[in-house]
Amino acid sequence: MIVAERKPIEKVLEMIAPYKKVLVAGCYGCVTVCLAGGEKEVGILASQIRLARSKDGNPIEVVEQTVERQCDAEYLAKFQDNVSSVEAVVSLACGIGIQYLAEKSPVPVFPGVNTLFLGANLDVGKWAERCFACGDCVLDKTGGICPIARCSKSLLNGPCGGSQYGKCEVSKDVDCGWQLIYDRLKALGQLDKLKEIIPAKNWKRDKGPRTLVREELTLERD
Amino acid sequence: MERKKVLVIGGGAAGMSSALELAERGVEVYLVEKEKEIGGRAATYCCKATDECNRCAACLVLQEKDKVAQEPLIQVYTSARVEEINKSGNGYQVKILYDGDAVTLDVQAVIVATGFDPYDLSRRSEFAYGVEKNVITGLELEKAIKEKGGLVAAFGSDIKKIGFIQCVGSRDLSIGNGYCSRVCCMYAAKLAKIIRNELPDAEINIFYMDFQSFGKCFSEFNKELRETDKIKFIRAIPSKIYGFPYDRLTVRYTDSLVGKQTEDKYDLIVLSLAITPSRGSRDLAERLGITLDKYGFMQGGAEGIFTAGVCEGPKDIPQTIGHAKAAAGQAYRYLFS
Amino acid sequence: MAKNNKNIRIGIYLCDCDGKISKNIDLEKVKTVIQSEADFEYIRITSALCGKIEKEKLAGEIDKYSLNRLLIAGCTDQFIRRQFLQVAEEKGMTRYDVEFVDLSSVQDGSEGAVAVINSVLAKIQLRGEIVIEEIEVTPQVLVIGCGKEGAKAALAIAKNQPVVMVEGDPGVADGIPLVKGAPNISIKAGARVAGIEGFAGNFTVRFIENGQLVKQKFGAVVVALEAQPVYDKSKYGGLELGEHVLTLSQFLAREKSFSGQKVTFVLGKADADSLLSYAKTLEAAIDLKEKGAAEVNILYEDMKVSADQLEQNYEIARAKGVNFLKYVGEIEFYSTVIAATVQYREPFLTQLDPLRITSDYLVLAEDYVPSPETKELADALEIRLGPAGFFQDDNVHFLPVKSNREGIYFVGSCHGPIHGVEIDREVATVVAEVGRFASGKVKVPALQPRVDPEKCAVCLTCYRTCPHKAIEIVHDESLNNLYHSAARMNPLACRRCGTCAAECPGKAIQLPYYSDQEILQEISKPPKIVAYACENSGFLASEYAKELDPELQENLQIVRVPCSGKIDVIYLLKALERGADGVMLLVCHKENCKFVWGNERAEKRKGQVRKLLKDIGLEEERIDFVHIAANQGNQFNAAVRAMAERIHQLGTNAGKVIK
């Protein structure tokens, strides 16, 4: 799941300062699950904006709407009526939804959240990064623990010298990713996997932004 | 289908709880209370929370009272009393006096929940109760704090030293009360705690025989009471309290841990009175065929008659509610088997 | 008002109560206004609806106009109201379909009456239908714990419904002696509870039975794992146990005769949190005396007798010649190969040298600790532990036998220092509780929260924050969302606190009678202060407070919520938006929430809203958070006065949108 958090309100207020009517747009996808941009957060932000602007003697009309997913055009279409009646939109979807909504919107669309990482929901109110979306998965070699997401330095071949008592030098609250990998492989009896050298990743996106096209699935005709 | 009907005598914690339990299961209940309002004694108690709940459970009774008011299957008769109960067919025909009128009710079962009366102090002149205005009962202190909001609001700001006297009428073979009333040590301690919260500098002493634990993590509570709250325990039951010729109350006692007779001055004395069978319970028991134990508490009744709560023996509020639910469950099974 | 729901057909009766109502209210006028704006099927004024003919007419009208909701305004008599209810029930309605409006206390005459009736009409629409569900349940009860306490529970429950007892020891397959031959009880030997699925009435318990996973259905579970005695020698100056030094449980297990022997019991050094050792010692001492022991001494500091029969046993023991010896402070212990000696100080005779008692047997009280299986069982059943690792929260709402889950109960020393007759009482309460499932069917009004699947993101927030484990995620192709899944609250397991509704990030959950719309409707035009009050504490305190100072509530809107856990962040913000200058949260004291942690959730939300306000430059003091109990009317008034004073200092809420 994509994990995001609400942007500080002063940033949001700054973005919408020139406008008198805005839409706060929520998403029932990941941002609802991570408690950052669902219908409830839409209500909270809308209310906070109204109170703030009213306090500043510059009242604003705030419209609220939440759709299934902001990363699909069909759901975005549901915003049509509201988008055409406001001067700007604050989207509480992840960075993907915000951009996609911006593409479809005649008025400016602003981010209401900061999109943080791809992670797991550990418990109510707790999330942790698990994946970097690097595009070249090595989890088979590392006992199912991602060295890129879990090691602060994204090292691919063992820990750095800052690993102490299983913790990362960045903070003693952070587990050393490579310690986790070692412990897991040891438990699985697969320590020999560590002998394989993982080649350095090619981080250069030589074809520009990544896209995925699966010809066998597209509706385009040859 | 005609609903089954049950008479519940007594609208206190036990009566309300058993009535609610029955109503929830679809039984119609006539709840007869002799006072102007339901709620019973516990409805007059104060909250003993300090920073956190101190588990006196008085709030539970008010919650039950609110539920009774909203429960359409419970018909409440306040300022009412049971005049006559006669076996009739499969149940009982009951005549109650309500609002000056005699009302006849036909019920299939009866739950007796007549609670208790505090020990009658008129037999104990040594405590100067009724003579000295600052000698009060625990129940009076509860009520005063509830109604006024605090000790100072109720008794003025001159109260510097407070004494609680335990076991007044309990554990006393000389009057035939060879039982422990069970709840008084803890309610005195909890009252002491809220007084400490309000009056950080007052001296608060508890005269006791054996301090009785109740509830969970008692030792921690006990330690906090002595060490943090600075409540002093004196192992003695005072033999004499008098006012005149002084402004304050003089309390005479022999501390059995020291072995010395002492007289000391107090501003307020709170008597923890024994729980005794309610007046009239002997008469009611006789009419309903309920047996009494040697202290006069009820021990279960004839067919279709059930007892709930403190009328059966001393209990704290949660135990009373639990007991009442059990009695209601028994009554329900009786009705439907 | 817009026509909301075609299936809701309301009949409105304006009853004059024999002319009492029309003194202040023009019922004709009320009728005319309502007729012009409200959504209903039938309306009529009557001088007294409670007459026999009138009631028959009412029944006829229900049929004639196909009414399925009634709003009866004017009648205040509980007894008569129940008669109307009966008429409605005979026509297939439930108590949730009949609303009464008290017109005698309405202010502003006819206008006020119209407003009250309209708001109730709106609520009827919002609530929709509340059906009474008949749920099939399993009568069978699982009793965990095969000691005396478990056996007592099993025997009592088995009188009405089948019982299974589970025991880890495979050796008891041929029966537990205490329940041997009892009908309706079967024993699952060599098994332990590994997990639980489902809800009260229909639990599926997973057992590991002789190494195999076995599942079985139960309506209810009773936990009766007895507390275990543990000897802690550090409490007895390091004294080692031996031939002449025994623990109380060793002593009780001995079958030999103590005739002619001297036995001394020591109480008060251990067992500080219970009175089990006192109860057992008194019984043992009486028994010893009856069986001819030469001398029985009991050393004690405080004689704990606050349980049934203990004071009486204390009296009997004294009468039989047991010596009760009070000590203060330290005791010294000496043991030799032939006897054991204690040396202590008699408080009353402090000037004397310490006293010594030499006996054939020295019997020492132990501490009582939770059975070692407790933690694992709590995890398996998803129930909470309390102080010192025993079962049950230390919260009066759960006493005596309730757990945080419906359908799972405690009996005996697994959850407190429970002894003797009190175990029988707890068993009786549990028998009543589990008895609800005995017939195999339970009727329950569907008052649990409802989930709108279109909004449910299946995020598990409700599932995880439900204190009663009353929520499941169900998959059903008919559920109209991306996942064809949604949270569902079980009507038998839900205690209706509404915490889930307040936590839901998709606003997918609504609690009947307390939906967001119903609550926000109450603050459509709020006065200076809005107080969200838990109905178990703050709301009841407000009613009492009103008796003490009626005027104080003139500028106060009290909004009743089922638990402070239901107070949504949005409720607080909306109150300020709509014009309130201050908002109060009135919640139960710490560790007194009827629903485990509603008050803690509310406290977190207070913090959240205060930060939201602070971030936009509004005073966070406009949000007040007060711990209060139902009987604290004075404290309620003090809190309201303090809030009013604070608002006076702060001035008007600059953020209000509706000025």
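Sequence lines set the chain letters: A, B, ... in the order given, protein chains first and strands last, and positions in each chain run from 1.
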> Is it the side chain or the backbone of C/Q392 that comes within 4.5 Å of chain B heavy atoms, both, or neither?
Replying inline: both
> Under a 4.5 Å heavy-atom cut-off, does chain B meet the side chain of C/Y278, its backbone, both or neither?
Replying inline: neither
> If you measure only the distance, is there a donor-acceptor pair under 3.5 Å linking the side chains of C/D273 and B/S219?
Replying inline: yes
> Using non-hydrogen atoms only, which part of B/N54 is less than 4.5 Å away from chain C: side chain, backbone, both, or neither?
Replying inline: neither
> Checking heavy atoms, do the side chain of B/D316, its backbone, both or neither come under 4.5 Å from chain C?
Replying inline: neither
>> Walk me through whether C/L310 and B/Q212 qualify under side chain to side chain contact (heavy atoms under 4.5 Å, CB included).
In response: CA-CA 12 Å; C/L310 293 201; B/Q212 301 302 330; over 6 Å; no
> Is it the backbone or the side chain of B/V61 that comes under 4.5 Å from a heavy atom of chain C, or both, or neither?
Replying inline: neither
>> When you measure from the centre of the six-membered ring of B/Y30, is the NZ or CZ of B/K5 closer than 6.0 Å and no more than 45° off the axis?
In response: no
>> Quick check: C/F324 with C/Y314 (ring centres under 6.0 Å apart)?
In response: yes
> Given a strict heavy-atom distance threshold of 4.5 Å, which part of B/Y77 is in contact with chain C: side chain, backbone, both, or neither?
Replying inline: side chain
>> What part of B/L73 gets within 4.5 angstrom of chain C, counting heavy atoms only: side chain, backbone, both, or neither?
In response: both
> Given that the side chain runs from C-beta out, which part of B/K260 has a heavy atom under 4.5 Å from chain C: side chain, backbone, both or neither?
Replying inline: neither
> Which answer fits C/F390, side chain, backbone, both or neither, if we ask what part of it has an atom under 4.5 Å from a heavy atom of chain B?
Replying inline: neither
>> Tell me which of these, C/E535, C/E543, C/K326, has more heavy-atom pairs under 4.5 Å with chain B than the rest.
In response: C/K326
> What part of B/C46 is in contact with chain C, defined as an atom under 4.5 angstrom from a non-hydrogen atom: side chain, backbone, both or neither?
Replying inline: backbone
> Checking C/N160 against chain B: side chain, backbone, both or neither under 4.5 Å from a heavy atom?
Replying inline: side chain
> Cation over ring, B/K193 on B/F221, under 6.0 Å and within 45°?
Replying inline: yes
> Do the side chains of B/R235 and B/Y208 get nearer than 4.5 Å, heavy atoms only?
Replying inline: yes
> Looking at C/K443, C/H397, C/Q309, which has the largest count of heavy-atom pairs under 4.5 Å with chain B?
Replying inline: C/H397
>> Under 6.0 Å from the ring centre and within 45 degrees of the ring axis: does the NZ or CZ of C/R495 meet both conditions for the six-membered ring of C/F595?
In response: no
> Checking B/L60 against chain C: side chain, backbone, both or neither under 4.5 Å from a heavy atom?
Replying inline: side chain
>> Please confirm whether the ring centroid of B/F297 lies under 6.0 Å from the ring centroid of B/Y179.
In response: yes
> Going by distance alone, is a donor N or O of one side chain under 3.5 Å from an acceptor N or O of the other, for C/N599 and C/E603?
Replying inline: no
> Using a cut-off of under 4.5 Å for heavy-atom pairs, which of C/R81, C/Q635, C/E426, C/E422 has the most such pairs with chain B?
Replying inline: C/E422
> With chain B, which of C/G416, C/P417, C/P387 has the greatest number of heavy-atom pairs at distances under 4.5 Å?
Replying inline: C/P387
> Given a strict heavy-atom distance threshold of 4.5 Å, which part of B/M209 is in contact with chain C: side chain, backbone, both, or neither?
Replying inline: backbone
> C/R425 and B/Q319: side-chain donor and acceptor closer than 3.5 Å?
Replying inline: no
> Checking C/E315 against chain B: side chain, backbone, both or neither under 4.5 Å from a heavy atom?
Replying inline: side chain
> Under a 4.5 Å heavy-atom cut-off, does chain C meet the side chain of B/E28, its backbone, both or neither?
Replying inline: side chain
> So what's closer than 4.5 Å to chain C heavy atoms on B/K67: side chain, backbone, both or neither?
Replying inline: side chain
> What's the shortest heavy-atom distance between B/A308 and B/A327, and which atoms?
Replying inline: CB-CB, 3.8 Å
>> Ignoring hydrogens, what is the shortest heavy-atom contact between B/S272 and B/C184? Give both atom names and the distance.
In response: CB-CB, 3.8 Å
> Of the backbone (N, CA, C, O) and the side chain (C-beta and beyond), which part of C/Q632 lies under 4.5 Å from a heavy atom of chain B, both, or neither?
Replying inline: side chain
> chain B: which of C/N536, C/N592, C/L540 shares the most heavy-atom pairs with it under 4.5 Å?
Replying inline: C/N536
>> Below 4.5 Å, heavy-atom pairs only: which of C/N637, C/V431, C/L85 has the largest tally toward chain B?
In response: C/V431
> At a heavy-atom separation under 4.5 Å, does B/Q70 approach chain C through its side chain, its backbone, both, or neither?
Replying inline: side chain
> C/V401 versus chain B, heavy atoms under 4.5 Å apart: side chain, backbone, both or neither?
Replying inline: neither
> For B/Y45, is it the side chain, the backbone, both or neither that has a heavy atom under 4.5 Å from a heavy atom of chain C?
Replying inline: backbone
> What part of C/L548 is in contact with chain B, defined as an atom under 4.5 angstrom from a non-hydrogen atom: side chain, backbone, both or neither?
Replying inline: side chain
>> Donor-acceptor check, side chain of B/E198 to backbone of B/V152, threshold 3.5 angstrom: yes or no?
In response: yes
